[in-house]
Amino acid sequence: MESLARGGTRWKRFAVVMVPSVAATAAIGVAIAQGALAASFSVSGQQFKVTASALDGDGFVQYGALDKGKDSQHPVAVVGMNSAEITDLCQSVVVPVPIFGDVTMRLEAGSSKKKDPRVYAKSLYIDADDLRTNATFTNVDIGVSVDSTTKGPGPARPGKGGEGSYLPGSFAQQAEKVHFEDVKQRAWATTAGTFRLSGLHMNVSRGKNECY
């Protein structure tokens, strides 16, 4: 009983520290949901996981890049889309807290079970190093120079979105439309001009409670 009491006390102390940041994050989420604020996640040195039951994108481009962290660089495949609609979006990140242990921050939106409208993103860039999905591409070009892509938003540059630097003239692929099913993705960064999350639910829990 004494051990449980001490654990409860630590959780309360952690909650006091976390409440201001969670409240700020929730406020940002509301602004994003209302289309009033562009979403931008910089490389923090921690990866996050994303899942979705379906994603439909218009104007797709993919190319290699390097994301800069505090102490190192991370090779990524940047996926860019002019616009995307996402069903059953889940995003999670595990934060290791000294002494206390792991804490999971998890966000969900666009639930098909609750019949929420789909999540909508405009000028979306995802910097990922692992992607698993069933994909269908419409009018795809594979092997085009990254600087010559025309079907997607193009390579990200400062002020345009995306965090990675790329090699000019390097390999890329593009498509007019994409359809992904059963998406599982590990990413370093996501940016978007608009990110509208319907039925947004965010929670913080002790331990590992990742999307997959």
Side-chain angles (χ1 to χ4, degrees), residues 32 38-44 46-69 73-93 107-110 118-197 210-212:
I32 291 172
S40 181
F41 303 92
S42 298
V43 173
S44 65
Q46 282 184 285
Q47 293 174 298
F48 55 95
K49 291 183 177 180
V50 179
T51 62
S53 62
L55 182 152
D56 288 287
D58 286 325
F60 168 90
V61 64
Q62 184 178 43
Y63 56 92
L66 284 175
D67 277 359
K68 293 182 179 180
Q73 293 183 321
H74 311 287
V76 296
V78 179
V79 172
M81 301 179 203
N82 289 332
S83 64
E85 292 187 342
I86 307 166
T87 304
D88 297 321
L89 174 67
C90 177
Q91 177 181 299
S92 64
V93 60
L107 177 152
E108 296 177 353
R118 303 178 78 185
V119 171
Y120 173 79
K122 184 177 180 181
S123 298
L124 176 67
Y125 288 91
I126 305 169
D127 298 9
D129 64 4
D130 189 75
L131 171 64
R132 307 173 197 177
T133 186
N134 297 312
T136 302
F137 299 88
T138 302
N139 294 330
V140 62
D141 300 318
I142 300 174
V144 63
S145 167
V146 62
D147 300 297
S148 300
T149 56
T150 57
K151 296 178 180 179
R157 295 182 176 86
K160 187 178 178 182
E163 303 296 334
S165 58
Y166 69 96
L167 181 66
S170 58
F171 176 95
Q173 62 180 359
Q174 62 178 354
E176 290 183 0
K177 295 180 181 293
V178 293
H179 175 71
F180 294 161
E181 293 183 356
D182 190 20
V183 181
K184 293 181 176 66
Q185 180 175 259
R186 186 178 63 203
W188 287 100
T190 297
T191 65
T194 300
F195 208 2
R196 187 170 66 239
L197 293 94
E210 298 177 279
C211 297
Y212 73 93

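Note that the coordinates shown come from a computational prediction; the quantities given were computed from them, not determined experimentally. Note that the numbering runs from 1 along the sequence shown for the chain.
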Starting at CH2 of W188, measure out to CD of Q46 and round the result to the nearest 0.5 Å.
-> 8.5 Å
Start with the C-alpha gap between L197 and L107, add the side-chain angles, then the distance that decides, and say whether side chain to side chain contact (heavy atoms under 4.5 Å, CB included) holds.
-> CA-CA 10 Å; L197 293 94; L107 177 152; 3.5 Å; yes
Please identify each residue that fulfils side-chain contact (heavy atoms from CB on, under 4.5 Å) with A135, with sequence neighbours left out.
-> T133, F137, F180
When L89 is tested against each of V119, T51, V183 for side chain to side chain contact (heavy atoms under 4.5 Å, CB included), which residue passes?
-> V119
Closest non-hydrogen atom pair between P153 and V61, with its separation | CD-CG1, 3.8 Å
Taking all heavy atoms of A77 and all of Q62, pick out the closest pair and write down the distance.
-> CB-NE2, 4.0 Å
For N139, side chain to side chain donor-acceptor pair (under 3.5 Å) partners two or more places apart = E176
Which heavy atom in S145 sits nearest to a heavy atom in G169, and how many Å separate them?
-> OG-CA, 3.4 Å
How long is the span from the SG atom in C90 to the NZ atom in K49, to the nearest 0.5 Å?
-> 10.5 Å
CD on Q91 to CD on Q185, rounded to 0.5 Å = 10.0 Å
Mind checking salt bridge (charged side-chain N to carboxylate O under 4.0 Å, His left out) for K122 and listing every partner two or more places apart, or none if nothing turns up?
-> none
Under 3.5 Å, side-chain donor or acceptor atoms of residues 52-59 against the rest of the protein: list the pairs with distances, not counting sequence neighbours.
{"unit_1": "S53", "atom_1": "OG", "unit_2": "T87", "atom_2": "O", "d": "3.3"}
{"unit_1": "S53", "atom_1": "OG", "unit_2": "D88", "atom_2": "OD2", "d": "2.7"}
{"unit_1": "D56", "atom_1": "OD1", "unit_2": "H179", "atom_2": "ND1", "d": "2.6"}
{"unit_1": "D56", "atom_1": "OD2", "unit_2": "R118", "atom_2": "NH1", "d": "3.2"}
{"unit_1": "D56", "atom_1": "OD2", "unit_2": "R118", "atom_2": "NH2", "d": "2.9"}
{"unit_1": "D58", "atom_1": "OD1", "unit_2": "K177", "atom_2": "NZ", "d": "2.8"}

Which residues satisfy the side-chain contact (heavy atoms from CB on, under 4.5 Å) test with A172, sequence neighbours excluded?
-> Y63, V144, V146, T149
Take H74 and D129, measure what side chain to side chain contact (heavy atoms under 4.5 Å, CB included) needs, and give me the verdict at the end.
-> CA-CA 8 Å; H74 311 287; D129 64 4; over 6 Å; no
Kindly write out the residues that satisfy side chain to side chain donor-acceptor pair (under 3.5 Å) with D182, not counting sequence neighbours, or none if the list is empty.
-> K184
Residues passing the side chain to side chain donor-acceptor pair (under 3.5 Å) test with Q174, sequence neighbours excluded, are D141
When rounded to the nearest 0.5 angstrom, what distance separates OH in Y120 from CZ in F195?
-> 12.0 Å
